Amino acid sequence: LDLGDPPTFSSDNELSVQLEEVYKAIASRETLNKSRQTFFVQIGGWDSHGSLVGHPTRLANLSKALGEFQNAIDALGIADDVTTFTSSEFGRTLSSNDGGSDHAWGGIQFVMSGAANLNGGKVFGDYPDLALGSSLDLGRGRLIPTISVDEYFADLALWMGVSPSSLPTV
């Protein structure tokens with residue numbers, strides 16, 4: 001299958017490599033006779049118990065990979081049909097443990113798409129006061145989430161066309 005000249009992905013970025021494979025599968029959707037596809041990609045290395053030194057580089061790689069992927073989807077002309085989102089029920093404390101950060105609960109996720117009905121550019125839930133001791137702080141900056149991972153997935157499923165009565169099954 002010849003995809004022509006695909007957009008450039010960074011081969012030294014673990015997430016870019018995975019997203020390039022997703023792009024290839026999406027670009028081949030008609031040949032594969034697939035009208036709806038779901039892909040999972042994963043990157044590790046976010047365990048920052050001992051040090052946050054590599055965190056800026058990891059975030060830069062994440063940004064670059066997502067930008068490359070969105071540019072590739074835009075080039076295919078299907079940005080309205082592709083939704084990319086993050087998922088984790090894991091968080092980190094806001095306070096340091098003398099070099100790193102400990103396990104916590106609440107975190108921030110995002111959804112990226114060209115779809116107009118996604119109603120983007122908004123924060124859902126309550127963006128927390130990041131001061132230690134705020135009303136959502138269980139101590140040391142372990143924040144209580146205001147939206148559960150299940151609620152987040154349910155909203156995405158509804159947006160993708162799952163009926164409300166099918167949510168418990170999905």
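Source: prediction; values computed, not measured. In what follows, every heavy atom counts, from backbone to side chain, and hydrogens, waters and symmetry copies are set aside.
Within the structure, side-chain hydrogen bond (donor to acceptor under 3.5 Å, both in side chains) pairs that include any residue of residues 97-110 comprise His49-Asp102, His49-His103, Thr86-Gln109, Thr93-Ser101, Asn97-Asp102, Asp102-Arg140 (at least two apart or interchain). Counting only residues at least two apart or in different chains, salt bridge (charged side-chain N to carboxylate O under 4.0 Å, His left out) contacts with residues 39-48 comprise Asp47-Arg92.
Atom-to-atom distance recorded for Asn13:CG and Ser63:OG is 10.0 Å, nearest 0.5 angstrom. Ile144 CD1 to Asp137 CG: the interatomic distance, rounded to the nearest 0.5 Å, is 8.5 Å. Rounding to the nearest 0.5 angstrom, the gap separating the CG atom in Leu15 from the CD atom in Glu68 is 9.0 Å.
Listed by chain and residue number, nothing satisfies the side chain to side chain donor-acceptor pair (under 3.5 Å) test with Asp80 (two or more places apart in sequence, or in another chain). With sequence neighbours left out, the side chain to side chain donor-acceptor pair (under 3.5 Å) criterion links Ser148 to Glu151. For Glu21, the salt bridge (Lys or Arg N to Asp or Glu O under 4.0 Å) test picks out Lys24, with sequence neighbours left out. With sequence neighbours left out, Leu66 forms a side-chain contact (heavy atoms from CB on, under 4.5 Å) with Leu19, Leu62, Thr84, Phe110, Met112. Under the side chain to side chain donor-acceptor pair (under 3.5 Å) criterion, Asp81 pairs with no residue, sequence neighbours left out. With sequence neighbours left out, the side-chain contact (heavy atoms from CB on, under 4.5 Å) criterion links Asp155 to Leu158. For Leu32, the side-chain contact (heavy atoms from CB on, under 4.5 Å) partners two or more places apart in sequence, or in a different chain, are Ser28, Lys34, Gln37. Considering only residues two or more places apart in sequence or on other chains, Gln18 meets the side-chain contact (heavy atoms from CB on, under 4.5 Å) condition with Glu14, Val41, Ile43. Taking Asp129 as the reference, nothing meets the salt bridge (Lys or Arg N to Asp or Glu O under 4.0 Å) condition, with sequence neighbours excluded.
Looking only at side-chain heavy atoms (C-beta outward), Phe153 and Val170 stay at 4.5 Å or farther from each other. The closest side-chain heavy-atom distance from Leu138 to Leu143 is not below 4.5 Å. Between Val82 and Ser113 the shortest side-chain heavy-atom distance does not fall below 4.5 Å.
Across all their heavy atoms, Ile73 and Ala79 have their closest contact at CG2-CA, 3.6 Å. Leu132 and Ser95 get closest at one heavy-atom pair: CD1-CB, 4.1 Å.
Aromatic ring orientation, Phe9 versus Tyr23: tilted (interplanar angle from 30° to 60°).
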What pairs of donor and acceptor atoms, side-chain ones from residues 159-168 against any protein atom, are under 3.5 angstrom apart with sequence neighbours left out?
{"from": "Trp159", "atom 1": "NE1", "to": "Asn117", "atom 2": "OD1", "distance (Å)": "3.1"}
{"from": "Ser163", "atom 1": "OG", "to": "Ser165", "atom 2": "OG", "distance (Å)": "3.3"}
{"from": "Ser163", "atom 1": "OG", "to": "Ser166", "atom 2": "N", "distance (Å)": "3.3"}
{"from": "Ser163", "atom 1": "OG", "to": "Ser166", "atom 2": "OG", "distance (Å)": "2.9"}

